[in-house]
Amino acid sequence: MIPLVYDQINHWGKDDEFFLSLLKKANVKKIADLGCGTGRLTSQFAKLGYRITAVDPNKEAIEYAKNKEYPGEVTWIVGDSSNLQTDAFDTVIMTANVAQVFLTDQSWQQVISDAFRALKPGGHFIFDTRNPLARVWEQWEKDRTPDVAIHQETGEPLEIWTEYDGFVGDIFTFYETVKNANTDEMLIREKIQLKFRTKEEIHNSLQQVGFSQIQVYGDWKYRKATEDTKSFIFHSIK
Ligand SMILES: C[S@@+](CC[C@H](N)C(=O)[O-])C[C@H]1O[C@@H](n2cnc3c(N)ncnc32)[C@H](O)[C@@H]1O
């Protein structure tokens, strides 16, 4: 994630509305926004009156996040799931495929165990991830045009180019490069890696740490996941 351009190329969408709708249905108050990034959803959660702890290891992203509007109080943590308090939250939520940044079995086990520990009994664990069977990277690789943005400080036009390295095992690697569109100067280059886990793998891992009532939605309209759906939205209960 490149905080300088993230909000400009990741627009509010149906997925974000769906997360708000799930929270509303769950009737919760205190939430942990794990992998909050630039606070795109955090600020919406705050506007809806949730008490929020927002966590991300990316210090720069948290700085961007803090500049948004937050009625009420948000607790900011530069850190990870190990920093979450125990038995403290009604919901732990990870939006925009944060679940895919955990590349090893060990790091995935750690984050879901920490989410379980951090939730009060009856608490909700909500996150989305991409379905490997939908092969979304094939669409990504066809798109040869850069995203565009404006530099927040200088006002200069930026281009964001993506190069795809492909898979090693079930880990997909790509690089994002931010360039000044006027001068062609490269400003930022970041390696991004995503792990594609199957529905069954995630389901079993959640069960193993103790989650129950595991629901898997396949779209942003509460339809059940199938083999073809692009995303899996997991909603389970401690
Ligand atoms: C695709 S962004 C999603 C940001 C935000 N949730 C949203 O909806 O816009 C993925 C985020 O996961 C964060 N991340 C990376 N490693 C993490 C970890 N170990 N624990 C929690 N978050 C992590 C990144 O810093 C980044 O902000």
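Atoms within each ligand, like the ligands themselves, are counted from 1 in listed order. Predicted model, so just to flag it, every value in this text is computed and none were measured.
- Note: an N/O pair closer than 3.5 Å links Tyr6 and ligand 1 by distance alone.
- With hydrogens left out, the protein atom closest to atom 8 (O) of ligand 1 is Thr95 OG1, 2.6 Å, a heavy atom.
- Looking at atom 21 (C) of ligand 1, its nearest protein heavy atom turns out to be Pro57 CD, 3.8 Å.
- Contact of the His235 side chain with the Leu22 side chain is registered, since non-hydrogen atoms from C-beta on lie closer than 4.5 Å.
- Gly35 O, 2.7 Å is the protein heavy atom nearest to atom 6 (N) of ligand 1.
- Residue-to-ligand polar distances keep Ser81 apart from ligand 1: every N/O pair is separated by 3.5 Å or more.
- Side chains of Arg40 and Tyr6 form a contact here, defined as non-hydrogen atoms less than 4.5 Å apart.
- The same ILVMFWY cluster, assembled from side-chain heavy atoms under 4.5 Å apart, contains both Leu158 and Ile9.
- Here the side chains of Trp108 and Glu201 are not in contact, with every heavy-atom distance at 4.5 Å or above.
- Contact of the Val168 side chain with the Thr173 side chain is not registered, since no non-hydrogen atoms from C-beta on lie closer than 4.5 Å.
- Per-residue contacts place Leu41 under 4.0 angstrom from the following atoms of ligand 1 (heavy atoms of the residue considered): 8 (O).
- For ligand 1 and Asn58, the ligand atoms under 4.0 Å from any heavy atom of the residue are 25 (O).
- Under the 4.5 Å side-chain heavy-atom criterion for Ile, Leu, Val, Met, Phe, Trp and Tyr, Phe232 and Phe125 are members of the same hydrophobic cluster.
- For ligand 1, the atoms lying closer than 4.0 Å to a non-hydrogen atom of Ala96 are 1 (C), 3 (C), 7 (C), 8 (O).
- Looking only at protein heavy atoms, the nearest one to atom 15 (C) of ligand 1 is Val101 CG2, 3.7 Å.
- Of the candidates Asp56, Asp7, Thr38, it is Asp56 that places a heavy atom closest to atom 25 (O) of ligand 1.
- Atom 10 (C) of ligand 1 has its closest protein heavy atom at Val98 CG2, 3.8 Å.
- With contacts defined as side-chain heavy-atom distances shorter than 4.5 Å, the pair Ile192/Phe172 does not qualify.
- Shown here is Lys59, whose NZ atom has no more than 12 heavy atoms of other residues, nucleotides or ligands within 6.0 Å.
- For ligand 1, the atoms closer than 4.0 angstrom to any heavy atom of Cys36 are 5 (C).
- Counting atoms of ligand 1 from 1 in the listed order, those under 4.0 Å from a heavy atom of Met1 are 26 (C), 27 (O).
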